Every structure is written in C-alpha cells, then in structure tokens.
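Okay, so here's the structure we're looking at.
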Amino acid sequence: VKPLSDHALQGETVSRELGLRGPEGQPRVVELQLTPMQDRVIAVTREVTREAEQERREHALERKLRAVFESSEVMKFIVTPEGLIYESGPALRAHLGENLRGQPLLECLREVEGEEVANRCAAALALAEQGYTQSFELELGETDFQVTISPIVEEHQLQFYYVNCLDITD
C-alpha cells in the first residue's frame with residue numbers, strides 16, 4: 001500500500017483492487033481508492049469480493065464457450081432475431097466467407113447455396129421464433145448436415161438463435 005500512498009501524496013488519485021485474507025483465512029477482494037487532499041490522503045475502501053468472483057467466473061465461462069465455439073469440427077453460429085449473423089465459428093466462415101458479422105444469414109445462404117436452402121432455413125427460423133427448437137437435415141454443397149436451430153429466450157424475449165450444423169455425411 002505504501003507505493004500507492006506515495007503516488008497519492010504526490011497529487012495523484014489512485015484506485016486498485018487488493019487481494020486480502022478475511023478473519024478465517026478466506027480470500028477477500030477490496031477496492032482501495034486514495035485521494036489527495038491538501039497535505040493528507042483520504043482512503044476509501046469497498047469490499048468487492050462478490051463482484052470480483054462473478055467477473056472471474058464470467059471470464060472462465062467465456063473462455064470455455066469460446067473454445068467450444070471455435071471448434072472447427074461443427075458449424076456453429078449465432079443469429080440475431082433480425083436474421084443477422086452475430087457470431088460464427090471457423091467452419092461456417094470457411095463455408096460462407098470470413099466477414100460474416102452483421103451479414104443477413106438468408107442472403108448469404110442464397111448467394112452460396114441457392115434459394116431452396118435459404119427458404120428451408122427461413123421456414124425453420126420462423127418456427128424457432130415462436131420458441132420451438134428446429135432440427136432438420138440439409139445438404140450444403142456435397143455435405144449433409146443435421147441442423148439444429150435453438151431460440152435463446154430471456155425474460156420472455158427472443159435474444160438470438162443458436163445454430164449448430166453437424167456433418168452427417170456417410
């Protein structure tokens with residue numbers, strides 16, 4: 001803490017999170033803010049253990065999901081309720097192109113696979129919009145896929161669709 005107080009005594013407001021141990025040895029996280037005031041330093045502390053733990057859990061979950069999502073074995077992507085590609089894994093990018101974020105899914109499918117594939121996916125998205133997971137087989141190029149479109153709903157509001165395409169070619 002001394003280096004922090006030295007900075008504060010030089011006129012700099014300093015804020016840091018510090019890892020401490022509680023009375024029974026449990027880890028605690030405290031936010032310390034040191035503010036210079038004339039020839040003194042005002043110290044304000046706030047326990048942020050829960051927030052720090054929640055942030056750590058969220059980062060760990062994000063890393064795990066990213067690892068699953070970035071697998072090149074299964075075509076995975078997320079589509080907004082408006083039908084725009086929000087996120088895509090490497091297998092989809094290899095099939096439809098690299099710059100997919102924000103692109104309309106159905107238009108991309110129409111350009112690469114044709115009207116029939118786009119129409120099939122449009123019908124499945126319409127049913128998924130009503131809250132029903134859709135699963136169907138679809139031929140893309142020379143590959144057969146089992147396509148699953150799952151609506152992700154939060155507080156009775158459609159947030160996005162998660163689409164998973166598993167290669168089932170014999």
Side-chain angles (χ1 to χ4, degrees), residues 14-20 26-33 46-170:
V14 181
S15 181
R16 297 282 189 286
E17 284 188 2
L18 304 173
L20 305 172
Q26 72 275 27
R28 311 304 275 173
V29 179
V30 175
E31 179 183 66
L32 171 66
Q33 182 176 357
R46 178 174 75 97
E47 184 168 356
V48 292
T49 302
R50 286 189 187 128
E51 292 91 340
E53 287 175 3
Q54 180 65 26
E55 188 174 312
R56 183 189 54 74
R57 282 193 299 271
E58 287 173 4
H59 286 301
L61 178 60
E62 187 176 314
R63 281 193 307 276
K64 289 175 186 175
L65 289 175
R66 177 65 48 201
V68 168
F69 201 78
E70 289 297 323
S71 162
S72 60
E73 297 173 15
V74 178
M75 220 183 283
K76 301 174 204 126
F77 53 104
I78 296 173
V79 178
T80 67
E82 299 77 27
L84 304 177
I85 299 170
Y86 178 76
E87 190 68 59
S88 60
L92 183 71
R93 293 191 301 269
H95 191 76
L96 292 181
E98 281 300 314
N99 299 316
L100 296 175
R101 182 172 274 227
Q103 298 298 313
L105 172 64
L106 298 177
E107 286 181 27
C108 291
L109 288 172
R110 226 174 250 111
E111 289 175 20
V112 175
E113 294 295 334
E115 195 69 32
E116 186 177 331
V117 168
N119 289 344
R120 181 96 186 264
C121 288
L125 285 169
L127 289 171
E129 183 178 13
Q130 298 173 25
Y132 303 105
T133 295
Q134 299 300 298
S135 188
F136 56 95
E137 290 184 16
L138 188 63
E139 186 177 331
L140 300 175
E142 297 179 7
T143 307
D144 294 324
F145 287 96
Q146 178 66 41
V147 178
T148 303
I149 301 175
S150 301
I152 305 302
V153 176
E154 187 176 287
E155 296 181 17
H156 308 291
Q157 182 74 27
L158 177 65
Q159 300 299 308
F160 53 86
Y161 304 99
Y162 174 73
V163 184
N164 190 38
C165 305
L166 179 63
D167 183 346
I168 58 168
T169 307
D170 293 331

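All residue numbers in this chain count up from 1 along the given sequence. The structure presented is a predicted model; accordingly, all values stated were derived computationally and were not measured. Reckoned from all heavy atoms, side chains included, excluding hydrogens, waters and symmetry mates.
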Salt bridge (Lys or Arg N to Asp or Glu O under 4.0 Å) against Arg110, all qualifying residues, sequence neighbours excluded: Glu115

Flag, side chain of Glu113 to backbone of Glu111, donor-acceptor distance under 3.5 Å: no

Partners meeting side-chain contact (heavy atoms from CB on, under 4.5 Å) with Glu55 (sequence neighbours left out): His59

Qualifying residues under salt bridge (Lys or Arg N to Asp or Glu O under 4.0 Å), relative to Glu98, sequence neighbours excluded: Arg93

Results of side chain to side chain donor-acceptor pair (under 3.5 Å) for Arg46 - residues two or more places apart only: Glu31

CD1 on Ile152 to CZ on Phe160, rounded to 0.5 Å: 5.0 Å

side-chain contact (heavy atoms from CB on, under 4.5 Å) against His156, all qualifying residues, sequence neighbours excluded: none

With Glu47 via salt bridge (Lys or Arg N to Asp or Glu O under 4.0 Å) - residues at least two apart: Arg28

May I have the list of side-chain donor-acceptor pairs in residues 133-146 shorter than 3.5 Å, sequence neighbours left out?
from, atom 1, to, atom 2, distance (Å)
Gln134, NE2, Tyr132, O, 3.2
Ser135, OG, Gln146, NE2, 2.6

Interatomic spacing from CD1 in Ile149 to CG in Asn164 - rounded to 0.5 Å: 10.5 Å

Counterpart residues, side chain to side chain donor-acceptor pair (under 3.5 Å), relative to Glu58 (two or more places apart): Gln54

Qualifying residues under side-chain contact (heavy atoms from CB on, under 4.5 Å), relative to Glu129, sequence neighbours excluded: Leu158, Tyr161

side-chain contact (heavy atoms from CB on, under 4.5 Å) partners of Gln33, counting only residues at least two apart: Thr13, Ser15, Thr35

Whether Ser88 side chain and Leu92 backbone form a donor-acceptor pair below 3.5 Å: no

Check residues 99-106 and write down every donor-acceptor pair under 3.5 Å in which the side-chain atom is one partner and the other belongs to a residue at least two apart or another chain.
from, atom 1, to, atom 2, distance (Å)
Arg101, NE, Tyr86, O, 3.0
Arg101, NH2, Tyr86, O, 3.1
Arg101, NH2, Glu87, OE1, 2.6

Distance-minimising heavy-atom pair for Pro151 and Gly131: CG-C, 3.7 Å

